[in-house]
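Each chain gets a letter, A, B and so on, in the order the sequences are listed, and its residues count up from 1. Side chains included, hydrogens not; waters and symmetry mates left out as well; all remaining heavy atoms used.
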2 protein chains.
Amino acid sequence: MSHFKDQSSGYLVNHLARLMEQALAEAIGPLGLSPGQFPTLLALWERDGRTQAELVREVDVEQATLALTLKRMERDGLIQRKPNPDDSRSRLIYLTPHAKALEERALALAAGVNDQALADLDDKEVPHLLSLAARMIQTLRKGTD
Amino acid sequence: MSHFKDQSSGYLVNHLARLMEQALAEAIGPLGLSPGQFPTLLALWERDGRTQAELVREVDVEQATLALTLKRMERDGLIQRKPNPDDSRSRLIYLTPHAKALEERALALAAGVNDQALADLDDKEVPHLLSLAARMIQTLRKGTD
DNA sequence: CCAATATACATAGCATGCTATTCAAATAAG
DNA sequence: CTTATTTGAATAGCATGCTATGTATATTGG
């Protein structure tokens with residue numbers, strides 16, 4: 001038995017996520033970036049000078065997770081925090097020039113990892129996969145959020 | 001913009017995997033089980049009295065990861081280890097009666113989580129999703145393994 | 001204005017996973 | 001038979017993520 005494993009969406013999705021995370025780590029590691037920082041970087045490349053609370057609303061992780069990620073990004077010279085004149089509880093988060101300079105290369109490398117993972121799928125299957133995943137996420141978020 | 005996020009298979013798969021892991025944690029937590037133990041339990045329910053090395057070949061995680069998981073399972077009273085008469089470097093891993101007794105309920109709960117995640121998909125889409133995921137895993141494993 | 005509540009972050013503690021390293025025992029090479 | 005290599009496990013160190021708490025600052029209700 002235990003074809004459970006090969007028939008279980010949870011098992012497969014978990015395994016796939018780990019493989020893709022490893023591939024991304026390999027790809028962007030040379031830039032000094034890691035997979036967990038990517039969602040935050042996407043948000044900050046789009047617009048920086050925001051508070052942690054604003055980023056939490058955009059990045060799909062818990063506040064405590066983001067707080068740790070930001071601490072590592074600060075340690076790694078990717079972000080800088082300045083006092084928020086409007087609210088002394090929070091600080092505004094800015095990308096360093098170094099982190100800004102990495103945007104194009106990092107996006108290209110991440111896109112390359114996606115392409116590599118999807119290499120065996122044809123043009124119709126790729127959007128289908130994205131749509132199925134998005135629908136499953138929607139289903140699971142109902143009620144939680 | 002950065003619709004990168006919503007178009008990225010890596011991002012979606014990672015998010016989905018975390019949601020499914022959380023759902024599984026909620027489902028089997030009351031049995032005293034956790035998601036990371038599930039693959040090992042599947043292997044041991046099928047046949048126990050095996051070495052760690054044999055389990056590593058069946059479970060898709062690294063040896064060091066499995067070693068830690070087994071330590072927690074031993075702590076939690078799920079497994080027991082006995083000397084291996086054929087090789088004193090290893091020990092044979094057995095499920096406790098308690099862990100054996102949980103098989104049916106745990107499998108049903110895990111299947112329920114999968115069903116819940118797939119609830120919005122129709123009968124054709126489910127096997128398609130499983131097949132797409134399996135193919136992506138195959139693609140990414142090439143060369144590594 | 002002041003107490004009660006809400007909000008923004010930080011931290012602790014834990015589970016999963018990975019890579020790299022170490023140690024001991026088993027095997028292979030000579 | 002020794003030495004060299006391989007194999008089985010354990011451990012250290014780190015990244016991600018989660019839940020639960022704590023702390024300080026804002027905001028609200030009286």
Side-chain angles (χ1 to χ4, degrees), chain A residues 10-11 13-26 28-29 32-41 50-57 59-76 78-79 81 83-93 144-145, chain B residues 10-11 13-26 28-29 32-41 50-57 59-76 78-79 81 83-93 144-145:
Chain A
Y11 200 108
V13 165
N14 173 276
H15 191 185
L16 180 54
R18 283 184 289 121
L19 290 171
M20 294 195 74
E21 180 168 350
Q22 288 170 58
L24 183 60
E26 260 185 68
I28 63 177
L33 303 178
S34 62
Q37 302 169 342
F38 218 89
T40 304
L41 285 169
R50 290 196 273 177
T51 65
Q52 185 183 117
E54 290 176 283
L55 292 176
V56 162
R57 278 170 224 126
V59 174
D60 302 297
V61 296
E62 293 301 315
Q63 174 266 323
T65 298
L66 180 58
L68 257 189
T69 297
L70 289 171
K71 186 185 264 188
R72 282 187 290 262
M73 291 174 75
E74 193 167 34
R75 177 202 64 191
D76 296 348
L78 296 169
I79 61 166
R81 296 192 251 205
N84 182 354
D86 299 332
D87 189 333
S88 60
R89 290 172 302 177
S90 64
R91 283 175 294 168
L92 300 179
I93 299 163
T144 308
D145 178 283
Chain B
Y11 199 108
V13 165
N14 172 276
H15 191 184
L16 181 54
R18 283 184 288 122
L19 290 171
M20 293 194 76
E21 180 168 350
Q22 288 170 57
L24 183 60
E26 261 186 67
I28 64 178
L33 304 178
S34 62
Q37 302 169 343
F38 217 89
T40 304
L41 285 168
R50 291 196 273 177
T51 64
Q52 184 183 116
E54 290 175 284
L55 292 176
V56 163
R57 279 171 225 126
V59 175
D60 301 297
V61 295
E62 294 301 314
Q63 176 265 323
T65 299
L66 180 57
L68 257 189
T69 298
L70 289 171
K71 186 186 265 190
R72 282 187 289 261
M73 290 174 75
E74 194 168 32
R75 177 202 64 190
D76 297 347
L78 296 169
I79 61 166
R81 297 193 250 207
N84 181 355
D86 298 332
D87 189 333
S88 60
R89 289 172 303 179
S90 64
R91 285 176 292 169
L92 301 178
I93 299 162
T144 311
D145 177 283

Assuming nearest nucleotide by heavy-atom distance, tell me which of A/Arg89 and A/Leu70 is located more 5' along DNA chain C. A/Arg89

When the distance from CD of A/Glu62 to P of C/dA15 is rounded to whole Å, what number comes out? 18 Å

Give the rounded distance in Å between these two atoms: CG of A/Asn84 and P of C/dC9. 8 Å

Could you tell me the separation between the CD atom of A/Gln22 and the P atom of C/dT16, rounded to a whole number of Å? 17 Å

Exam field: side chain A/Asp87 to backbone A/Arg89, donor-acceptor pair closer than 3.5 Å: yes

A/Ile93 side chain reached by A/Glu74 side chain, heavy atoms, under 4.5 Å: no

For A/Ser88 and for A/Leu68, locate the closest nucleotide of DNA chain D by heavy-atom distance; then report the residue assigned to the nucleotide nearer the 5' terminus. A/Leu68

Closest heavy-atom contact between A/Pro35 and A/Ile28? N-CD1, 4.0 Å

Below 4.0 Å: OP1/OP2 of C/dA10 and any side-chain N or O of A/Arg81: yes

Indicate the atoms forming the closest heavy-atom contact of B/Glu54 with B/Thr51, along with that distance. OE1-N, 2.9 Å

Can you tell me the distance, in whole Å, between the CD atom of B/Glu21 and the C1' atom of C/dA15? 8 Å

Tell me whether the side-chain N/O atoms of B/Thr65 come closer than 4.0 Å to OP1 or OP2 in C/dC18. yes

Side-chain donor/acceptor of A/Thr69 to backbone N/O of A/Thr65, under 3.5 Å: yes

Pick base, sugar-phosphate or nothing for B/Arg50, based on heavy-atom distances below 4.0 Å to the nucleic acid. nothing

Ignoring backbone atoms, test whether A/Arg18 places a side-chain nitrogen or oxygen under 4.0 Å from the OP1 or OP2 oxygen of C/dC18. yes

Which residue lies toward the 5' end of DNA chain D, A/Gln63 or B/Thr51, if each is placed at its nearest nucleotide? B/Thr51

Answer yes or no: does a side-chain N or O of B/Arg75 lie under 4.0 Å from OP1 or OP2 of C/dA15? yes

Checking C/dG17, D/dA10, D/dG17 against the side chain of A/Asn14 (C-beta onward), the nearest is C/dG17

A/Thr69 side chain near D/dA15 phosphate (N/O to OP1/OP2, under 4.0 Å): no

Is there a side-chain polar atom (N or O) of A/Gln52 under 4.0 Å from OP1 or OP2 of C/dA10? yes

Here the distance between atom C1' of D/dA12 and atom NZ of B/Lys71, to the nearest Å, is 11 Å

Under 4.0 angstrom, heavy atoms only, what part of the nucleic acid is B/Arg91 near: base, sugar-phosphate, or nothing? sugar-phosphate

Students often get this wrong, so: under 4.0 angstrom with heavy atoms, is A/Ala53 touching a base, only sugar-phosphate, or nothing? sugar-phosphate

Which nucleotide, C/dT16, D/dA24, D/dA15, lies nearest any side-chain atom of A/Arg72? D/dA15

